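Predicted model only: the values in this text are computed from it and were never measured.
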2 protein chains.
Amino acid sequence: MDTRWLDREQLGAWVRLVTVMELLPGVLDSQLRRDAQLTHFDYYVLAMLSESPEHTLRMTAVAQRTGATLARLSHVVQRLEARGLLERFPCADDRRATNARLTEAGWQKVRDSAPGHVETVRQNVIDALAPEQVTQLREITDAILSRLDPDGARAALYTRYDAE
Amino acid sequence: MDTRWLDREQLGAWVRLVTVMELLPGVLDSQLRRDAQLTHFDYYVLAMLSESPEHTLRMTAVAQRTGATLARLSHVVQRLEARGLLERFPCADDRRATNARLTEAGWQKVRDSAPGHVETVRQNVIDALAPEQVTQLREITDAILSRLDPDGARAALYTRYDAE
DNA sequence: TAAAACTAGTTGTAGGTACAACCAACGAGG
DNA sequence: CCTCGTTGGTTGTACCTACAACTAGTTTTA
């Protein structure tokens with residue numbers, strides 16, 4: 001079978017996307033690590049909890065929202081728990097399940113670190129784009145996600161952020 | 001100072017971009033790991049060499065093109081050299097510098113693995129987009145990169161892929 | 001109602017990356 | 001020509017993630 005190579009336009013877009021994927025996580029990570037002693041993934045976990053009722057979610061729910069495997073999440077949550085930012089307790093309904101809940105310190109941490117994080121996101125991404133490009137970016141990433149995540153397991157999350 | 005929070009549209013785009021950044025590297029990595037025993041970064045290093053005259057580049061040049069630190073690159077190249085995919089030799093002009101050159105096995109590896117990689121890129125990204133979206137994506141990533149990489153240290157790479 | 005199959009989560013370990021410390025070589029100024 | 005600052009690169013270590021194996025609880029089904 002012969003390969004359908006990328007043309008110039010496609011290659012240009014692809015190489016830039018790869019470059020962004022290579023650089024952006026590092027930028028987010030170092031800002032949060034420096035200012036809040038959190039990785040970007042740590043922050044995301046705490047942020048997901050902070051937006052949930054009771055500041056509580058089941059491990060599986062957090063994993064879905066963050067796109068992580070349960071194994072990865074388990075390690076991360078263990079560290080966050082050791083730092084007193086959240087706590088785990090068994091779920092009453094399903095004794096297999098574990099709930100994670102933000103502690104007061106964790107909630108404080110989210111409130112303290114959110115502004116700096118948003119500012120970083122603005123500086124490096126949002127404010128670099130014209131309003132119509134933000135819309136285009138949403139459509140493009142949506143299309144890509146329909147391939148990466150066909151069954152829309154994670155759709156639950158980002159759909160929540162759409163107009164109501 | 002009060003924070004300029006993201007509006008719904010911006011937040012929707014951002015959350016999706018984060019999700020793509022979370023999922024896409026894993027998809028690229030596992031395909032290449034499975035079919036070619038390479039990480040995506042390994043592949044990129046080999047690909048950069050394969051597009052250079054003599055299949056040779058200085059370490060610093062590879063680092064620029066891939067966006068890696070010299071430290072990271074040094075570890076990776078060490079492993080690739082141990083596997084016989086490339087070789088290092090001192091640079092004649094500048095005795096501080098080291099050149100990396102693809103071996104025949106490395107060149108063969110690139111040719112063998114490129115089709116599968118391109119197919120993955122198509123399936124998950126390019127073919128999910130309309131032609132005008134590919135153009136938009138190039139413009140958007142370009143704008144983001146102007147923030148992430150203001151001095152355009154890496155621009156050398158992706159500019160090469162533009163129309164001549 | 002017992003076995004099979006699946007879901008929820010944890011743990012051990014191997015491998016890759018970041019960070020900092022380090023050494024060697026070049027280059028500009030005194 | 002020597003010394004200071006810079007550039008090119010390597011190494012050690014600590015941390016994070018992926019993968020696989022495992023436990024325990026739940027649901028299905030025969």
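- In this view, A:F41 satisfies the ring pair (Phe, Tyr, Trp, His ring centres under 6.0 Å) rule with no residue, not counting sequence neighbours.
- Along DNA chain C, the nucleotide nearest to B:V76 and the one nearest to A:A97 differ in position, and the one closer to the 5' end is contacted by A:A97.
- Ion pairing between a basic and an acidic side chain is recognised when a charged N comes within 4.0 Å of a carboxylate O; B:E104 and B:R111 show such pairing.
- Nucleotide C:dA18 holds its P atom 16 Å from the CG atom of A:L32, rounded to whole Å.
- One can place CG of B:L73 at 11 Å from C1' of D:dT10, the figure rounded to the nearest angstrom.
- The side chain to side chain contact (heavy atoms under 4.5 Å, CB included) with A:V62 is formed by just one residue from the set A:L70, A:V76, A:L73; it is A:L73.
- Checked by atom type and distance alone, the side chain of B:Q31 never pairs as donor or acceptor with a backbone atom of B:T120 at under 3.5 Å.
- A:E9 and B:T135 form a side-chain donor-acceptor contact under 3.5 Å, judged by distance and modelled atom types alone.
- For the residue pair A:W5 and A:Q10, the shortest heavy atom distance occurs at O-OE1, 4.3 Å.
- Across all strands shown, A:D94 has heavy atoms under 4.0 Å from sugar-phosphate atoms exclusively, and none from any base.
- If you measure from atom CG of B:N99 to atom C1' of D:dG9, you get 13 Å, rounded to the nearest angstrom.
- Remark: P of C:dA24 and CG of B:D93 are 22 Å apart, rounded to the nearest angstrom.
- When the C1' atom of D:dT17 is taken as reference, atom NE2 of A:H40 falls 16 Å away, rounded to whole Å.
- Remark: A:R95 is not in phosphate contact with D:dA24, judged by side-chain N or O atoms under 4.0 Å from OP1 or OP2.
- Residue A:M59 contributes atom CE, which lies 19 Å from atom P of D:dT23 at whole-angstrom precision.
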Please tabulate the protein-to-nucleotide N/O contacts below 3.5 Å involving nucleotides 11-15 of chain D, giving atom names and distances.
| from | atom 1 | to | atom 2 | distance (Å) |
| --- | --- | --- | --- | --- |
| D:dT11 | OP2 | B:Q78 | NE2 | 3.1 |
| D:dG12 | O6 | B:H75 | NE2 | 3.0 |

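- The OH atom of B:Y43 sits 19 Å away from the P atom of C:dG16 (whole-angstrom rounding).
- Here the P atom of nucleotide C:dA25 and the CZ atom of B:R58 are 15 Å apart, to the nearest Å.
- Closest non-hydrogen pair, A:D94 versus A:R58, comes out as OD2-NH2, 4.0 Å.
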